[in-house]
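Single-structure report; data block below.
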Amino acid sequence: MKIATIIVRVLLGAMMLFASISYFFKLGPEQPEPTGDLATLMAGFMASKYIFPVAKAIELIAGLILVSGKFVRLGTIILLPISINIFLIHVVVTGTDIPMAVAILFANVFLIYANWDGFKEIVKP
């Protein structure tokens with residue numbers, strides 16, 4: 001279980017690092033123009049001017065935390081709303097890349113489960 005936790009933690013952290021660094025430094029191929037409901041959603045995100053930079057900054061911080069192995073519980077908790085959002089956007093709005101969105105959410109939930117002893121105080125009645 002410990003080796004699986006380390007592998008999942010590093011892979012999830014690396015994915016978050018890659019996504020945030022490629023956003024900030026404009027790396028990788030040009031993304032196609034969104035269409036339909038995704039275009040409407042993206043237009044709203046872009047109109048706010050702060051949603052993407054904040055989300056990507058949180059992804060960067062969480063990715064660094066997960067890859068470094070320090071404060072892993074904090075990294076998993078701050079990444080949870082973002083991974084839920086990634087999952088819901090892919091399932092509800094686009095209907096594409098669902099396996100990757102499921103993998104991100106599953107990895108985050110797995111890391112929370114693996115570190116559950118540290119979260120018991122938070123959810124205690």
Side-chain angles (χ1 to χ4, degrees):
M1 177 77 164
K2 185 173 183 172
I3 293 173
T5 302
I6 292 170
I7 291 170
V8 169
R9 175 178 56 81
V10 171
L11 286 176
L12 182 60
M15 285 193 314
M16 294 300 113
L17 282 175
F18 176 75
S20 59
I21 289 171
S22 65
Y23 171 80
F24 286 122
F25 294 108
K26 309 285 189 255
L27 303 174
E30 189 70 29
Q31 295 294 321
E33 281 294 316
T35 58
D37 291 339
L38 182 60
T40 306
L41 180 67
M42 296 301 276
F45 286 160
M46 294 303 180
S48 72
K49 300 206 188 306
Y50 76 93
I51 293 287
F52 270 123
V54 168
K56 293 300 180 178
I58 292 170
E59 283 181 15
L60 179 66
I61 292 166
L64 288 170
I65 288 171
L66 292 176
V67 168
S68 74
K70 302 288 183 188
F71 309 110
V72 172
R73 290 182 297 227
L74 175 64
T76 57
I77 287 297
I78 65 173
L79 192 57
L80 186 61
I82 290 176
S83 62
I84 290 171
N85 229 350
I86 290 168
F87 173 75
L88 290 175
I89 285 172
H90 284 283
V91 169
V92 175
V93 179
T94 67
T96 61
D97 298 327
I98 293 173
M100 182 56 70
V102 168
I104 291 170
L105 182 61
F106 177 77
N108 200 345
V109 170
F110 173 77
L111 289 174
I112 290 172
Y113 172 76
N115 294 293
W116 187 248
D117 288 337
F119 294 112
K120 284 183 179 178
E121 287 297 317
I122 296 172
V123 294
K124 189 170 76 171

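The structure displayed is predicted, hence computed values, not measured ones. Values below: every heavy atom of this structure, side chains too, minus hydrogens, waters and symmetry copies. FYI, the numbering just counts along the sequence from 1.
Trp116 and Phe119 have tilted rings, their planes meeting at an angle from 30° to 60° on a 0 to 90° scale.
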Let me check something: any side-chain donor-acceptor pairs from residues 69-76 under 3.5 Å, sequence neighbours excluded? List them with distances.
| from | atom 1 | to | atom 2 | distance (Å) |
| --- | --- | --- | --- | --- |
| Thr76 | OG1 | Val72 | O | 3.3 |
| Thr76 | OG1 | Arg73 | O | 2.8 |

All N/O donor-acceptor pairs, side-chain side in residues 36-46, below 3.5 Å, sequence neighbours left out:
| from | atom 1 | to | atom 2 | distance (Å) |
| --- | --- | --- | --- | --- |
| Thr40 | OG1 | Gly36 | O | 3.4 |

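Residue pairs that meet the salt bridge (Lys or Arg N to Asp or Glu O under 4.0 Å) test with at least one member in residues 47-68, sequence neighbours left out, are Lys56-Glu59.
Asn108 CG to Ile82 CD1: the interatomic distance, rounded to the nearest 0.5 Å, is 9.5 Å. For the atom pair OG1 (Thr96) and CD1 (Ile89), the distance works out to 11.0 Å, reported to the nearest 0.5 Å. Summarising the geometry, atom CG belonging to Leu111 is positioned 10.0 Å from atom CG belonging to Leu11; distances are rounded to the nearest 0.5 Å. With rounding to the nearest 0.5 Å, the separation of NZ in Lys120 from CG in Asp117 is 4.5 Å. One distance of note links OG of Ser20 with CD1 of Ile58; it measures 11.0 Å at 0.5 Å rounding. Summarising the geometry, atom OG belonging to Ser83 is positioned 7.5 Å from atom CE belonging to Met16; distances are rounded to the nearest 0.5 Å.
For Lys26, the NZ atom is densely surrounded, since the number of other residues' heavy atoms within 6.0 Å is greater than 12. Within a 6.0 Å sphere centred on CD1 of Ile3, heavy atoms belonging to other residues, nucleotides or ligands number 12 at most.
Residues Phe18 and Leu60 do not share a hydrophobic cluster, clusters being chains of Ile/Leu/Val/Met/Phe/Trp/Tyr side chains in contact below 4.5 Å. Each of Ile7 and Met100 belongs to its own hydrophobic cluster when Ile, Leu, Val, Met, Phe, Trp and Tyr are linked at side-chain heavy-atom distances under 4.5 angstrom. Hydrophobic clustering (side-chain heavy atoms under 4.5 Å, transitive across Ile, Leu, Val, Met, Phe, Trp, Tyr) groups Leu12 together with Met1. Follow the hydrophobic side-chain contacts under 4.5 Å out from Phe24 and you reach Phe52 in the same cluster. Leu88 and Val109 fall within a single hydrophobic cluster, where Ile, Leu, Val, Met, Phe, Trp and Tyr side chains are chained together by heavy-atom contacts under 4.5 Å.
Side-chain contact check for Leu79 versus Leu66: some heavy-atom pair is nearer than 4.5 Å. Contact check for Val102 versus His90: no side-chain heavy atoms found under the 4.5 Å cut-off.
Heavy atoms only, all atoms of each residue included: Ala107 and Val8 are closest at CB-CG1, 3.7 Å. The shortest non-hydrogen separation linking Ala101 to Phe87 is CB-CA, 3.8 Å. In terms of heavy-atom proximity, Ala14 sits nearest to Val67 at N-CG2, 3.7 Å.
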